[in-house]
Amino acid sequence: MQTVSENRAFGGTQGVYTHASTACACDMTFGLYLPPAARDVPVPVLWYLSGLTCTHENAMTKAGAQAWAAEADIALVFPDTSPRGEDVADDEAYDLGKGAGFYVNATQDPWAPHFRMWDYLTEELPALLGDHFALDLERQAITGHSMGGHGALTMAMGLPGRFVSASAFAPIANPTASDWGKKQLGAYLGPDESSWRAHDSTLMMRDTGFDGALLIDQGGSDQFLDLLRPEALSHAMAERRQEGIMRMQKGYDHSYFFVSTFMEDHIAFHAEALYA
């Protein structure tokens with residue numbers, strides 16, 4: 001692992017690091033914010049998964065999360081959204097290929113050799129973090145925005161017991177029924193739609209739900225509402241009688257202005273669960 005940069009922020013350290021990834025068969029970059037408390041004791045971890053076209057940097061610089069994480073004594077992990085490099089397959093469209101990994105393990109060519117973001121984020125990167133930083137990986141939470149909200153919710157439900165809490169900002173909530181999902185899941189996983197089911201938070205909510213604290217915020221003026229399908233997830237939560245909070249925020253769109261507005265709420269929500 002190599003250090004790209006380390007900057008003082010709110011008494012802690014915002015770092016950016018790169019390493020050779022076995023899962024993705026390329027070099028990967030991630031951001032990690034360590035609050036001041038991490039100098040003395042291992043601190044719990046909140047993962048932030050970003051959306052389409054993003055890298056590790058977008059949320060790190062736009063979400064305003066570090067100030068609240070410093071107060072709550074929580075580390076923040078900002079992974080990339082896909083593998084990178086000259087040998088990594090890509091597509092001309094913004095919503096497939098680099099920047100659009102959808103947090104799955106691809107099984108189809110040309111994506112299969114590198115697009116293994118599920119394994120990278122659930123196995124390889126946590127192990128790397130545990131080896132190099134003062135983190136308490138017995139206490140983990142996860143959140144994300146848009147495609148990253150999709151990833152956060154599916155990982156929370158797909159890995160029972162891993163995360164004590166999960167939240168999402170405007171998640172792609174029902175990708176098997178949306179053009180933000182059918183295209184990508186078909187490309188990465190193939191035409192057998194039964195293999196898509198484990199990557200659709202609405203279907204997973206109906207099947208298993210989440211045994212932890214859950215918070216979802218959706219902008220009421222989000223320009224992508226028809227693609228996100230929050231109503232499908234809301235109905236699934238009601239049908240399952242899932243404990244959780246789903247809020248429609250009047251007037252807010254899909255941007256990081258929306259995310260940063262409610263980031264304090266989400267950090268406080270996770271802090272309560274992580275330190276319970």
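This one's a predicted model, so the numbers in the text were calculated from it and none came from an experiment.
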In terms of the angle between their ring planes, are [X] and [Y] parallel, tilted or perpendicular, with boundaries placed at 30° and 60°?
| X | Y | result |
| --- | --- | --- |
| F224 | H254 | perpendicular |
| F169 | F258 | perpendicular |
| H199 | H150 | tilted |

Legend entry - side chain to side chain contact (heavy atoms under 4.5 Å, CB included), paired with L233, selected from D200, L153, N174: L153
Legend entry - Qualifying residue for side chain to side chain contact (heavy atoms under 4.5 Å, CB included) with D222, from D253, L227, L228: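 Going through D253, L227, L228 one by one, the side chain to side chain contact (heavy atoms under 4.5 Å, CB included) with D222 is satisfied by L228 alone.
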I'd like to check [X] versus [Y] (side-chain heavy atoms, cut-off strictly below 4.5 Å). Are they in contact?
| X | Y | answer |
| --- | --- | --- |
| M117 | P83 | yes |
| P175 | L185 | yes |
| L214 | M237 | yes |
| W196 | K182 | yes |
| H19 | M28 | yes |

For [Y], is there any backbone N or O sitting under 3.5 Å from a side-chain donor or acceptor partner on [X]?
| X | Y | result |
| --- | --- | --- |
| E124 | A23 | yes |
| H114 | A25 | yes |
| Q184 | D95 | yes |
| S21 | C24 | yes |
| S260 | G64 | no |
| K98 | G85 | yes |

Inset, instruction - Enter the distance from R229:CZ to S234:OG here, rounded to the nearest 0.5 Å. - result: 12.0 Å
Inset, instruction - Step through the shown structure and confirm whether more than 12 heavy atoms of other residues, nucleotides or ligands are within 6.0 Å of CG on D179. - result: no
Legend entry - Exceeds 12 heavy-atom contacts within 6.0 angstrom, atom CD of Q108: yes
Do [X] and [Y] belong together in a cluster built from hydrophobic side chains that touch within less than 4.5 Å?
| X | Y | answer |
| --- | --- | --- |
| Y48 | L128 | no |
| F210 | L215 | no |
| I142 | W68 | no |

Legend entry - With sequence neighbours excluded, residues passing ring-ring contact (aromatic ring centres under 6.0 Å, His included) with F115: W111, Y188
Inset, instruction - I would like to know whether Y252 and F262 meet ring pair (Phe, Tyr, Trp, His ring centres under 6.0 Å); could you show each step before the answer? - result: CA-CA 11 Å; Y252 285 89; F262 298 102; 5.0 Å; yes
Inset, instruction - Please name all residues satisfying side-chain contact (heavy atoms from CB on, under 4.5 Å) with E6, sequence neighbours left out, ordered by chain then number. - result: T3, T13, Y17
